[in-house]
There are 2 protein chains.
Amino acid sequence: MEHDVFLADCPARTTLQLIADAWSVVVIHALGQRPHRYAELQERIGGISKKMLTQTLRKLQDNGLVERRRIPAAPPGSEYRLTPLGETLLEPVRSLARWAEQNTEALLAARGAD
Amino acid sequence: MEHDVFLADCPARTTLQLIADAWSVVVIHALGQRPHRYAELQERIGGISKKMLTQTLRKLQDNGLVERRRIPAAPPGSEYRLTPLGETLLEPVRSLARWAEQNTEALLAARGAD
DNA sequence: CAGGATCCTCGAAGATACTG
DNA sequence: CAGTATCTTCGAGGATCCTG
C-alpha cells in the first residue's frame, strides 16, 4: 500500500493536511517544551481564539497526538501533553519552526528584492 | 529582535504561516526532486486546481523560495525550480512528509481506538 | 477555568471561460 | 501550454453568550 503525499486519495495526504497548518505546528511546538494548561497555552500562543485552540487540541487529541488530563487539585483545570506518538512529531515541527525563525530575514529581503 | 513563533505579531509567525499549509509543503516537496513544468506539477500533485497551483507558486516565488524560468524551446512553457533559499526548506519539508508517510497507520489506529 | 453552542461574516477555493 | 479573470459558494473562524 502506497502512502505517497502526492496522491490525492492517499491517507498520507490526509495525515499531512492534519498537521500542516500553522496552529497545529505552534501547539505541538508549545507542548513539546512541557505540558500546558489550557489557559497557559492560550496565553503562550499569541492571537489564537479559544475556539481555534479547542478545535486544534481536539483534532490532535482525536488522532492520538495529544492527551488531556484533568487536574483535580486547586486550581482545577485541564492539562495537555503530547502522547508518545505526538512526540515523534517534534523533530519535523522543530525543524520547521527553526527554519522559520532563522530565515525570516532572508524572506523579507527576497520579498523586497523582487 | 525576537523571532519567536509564539508571538502573534512576530515575522517568524508570518513566515511559518507562509509554508505551513499542505499545498506549499507538497509543492516544495515535488520541486525538491527536480524542476517541474507547470503541467507536470499539476499532474504530479493530485487534486490541485490550476488556481491553487498558480497561487501557491506565486506566493513561494514572491518570497524567494521558487523561481520561474521561461522555456523557449518546443514545446514552450514554464519551468519552476527551488531557489537556494527554497532548498533550505527541503529538510523540514521532507521531515514532515516522511513523518506523514510513516505514521499514517498509527494515526488511523489511534483514531479508531479512542 | 475550560470549554460547548450559536450566529455571522468574509475570504479561500472551485468552476468556468477567456488569452498570449 | 500556462496562465488570468470573474463569479459564486461554502466553510473556517471570530464574537458572543452560556454551562459544568
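In what follows, chains are A, B, ... by sequence order, proteins preceding strands, each numbered from 1. Scope of the values below: all heavy atoms of this structure, side chains included, with no hydrogens, waters or symmetry mates.
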Is it true that atom CD of E87(B) has more than 12 heavy atoms of other residues, nucleotides or ligands lying nearer than 6.0 Å?
yes
Does OP1 or OP2 of [N] have a side-chain N or O of [X] closer than 4.0 Å?
{"X": "R68(A)", "N": "dA2(C)", "result": "no"}
{"X": "R70(B)", "N": "dA2(D)", "result": "no"}
{"X": "R37(A)", "N": "dC1(C)", "result": "no"}
{"X": "T54(B)", "N": "dA2(D)", "result": "no"}
{"X": "Y80(B)", "N": "dG3(D)", "result": "yes"}

From dA13(C), dT4(D), dG3(C), pick the nucleotide closest to the side chain of Q55(B)?
dA13(C)
Once you round it to whole Å, what is the distance between [atom2] of [N] and [atom1] of [X]?
{"X": "R58(A)", "N": "dG13(D)", "atom1": "CZ", "atom2": "P", "answer": "16 Å"}
{"X": "D21(B)", "N": "dA12(D)", "atom1": "CG", "atom2": "P", "answer": "15 Å"}
{"X": "Q61(B)", "N": "dG3(D)", "atom1": "CD", "atom2": "P", "answer": "9 Å"}
{"X": "Q17(B)", "N": "dG13(D)", "atom1": "CD", "atom2": "P", "answer": "10 Å"}
{"X": "I71(B)", "N": "dG3(D)", "atom1": "CD1", "atom2": "P", "answer": "10 Å"}
{"X": "L53(A)", "N": "dA2(C)", "atom1": "CG", "atom2": "P", "answer": "10 Å"}
{"X": "L41(A)", "N": "dA2(C)", "atom1": "CG", "atom2": "P", "answer": "9 Å"}
{"X": "K59(A)", "N": "dG4(C)", "atom1": "NZ", "atom2": "P", "answer": "16 Å"}

Side chains of R58(A) and Q61(A): any donor to acceptor distance under 3.5 Å?
yes
Do you know which two heavy atoms are closest between G47(A) and A8(B), and how far apart they sit?
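That would be N-CB, 4.0 Å.
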Between protein and nucleic acid, restricted to nucleotides 14-16 of chain D and to nitrogen or oxygen atoms under 3.5 Å apart, what atom pairs and distances do you find?
residue: dG14(D); atom: OP2; partner: S49(A); partner atom: OG; Å: 2.8
residue: dG14(D); atom: N7; partner: K51(A); partner atom: NZ; Å: 3.4
residue: dG14(D); atom: O6; partner: K51(A); partner atom: NZ; Å: 2.4

State whether the side chain of R13(B) and the backbone N or O of F6(B) hold a donor-acceptor pair below 3.5 Å, judged by distance alone.
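Looks like yes, one N/O pair under 3.5 Å.
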Please walk me through it: do V66(A) and L82(A) pass side chain to side chain contact (heavy atoms under 4.5 Å, CB included)?
CA-CA 4 Å; V66(A) 162; L82(A) 295 177; 4.0 Å; yes
Close side-chain approach of L16(A) and T104(B), heavy atoms under 4.5 Å
no
Intermediate values then yes/no, side chain to side chain contact (heavy atoms under 4.5 Å, CB included), L57(A) and Y38(A):
CA-CA 9 Å; L57(A) 285 169; Y38(A) 184 90; 4.1 Å; yes
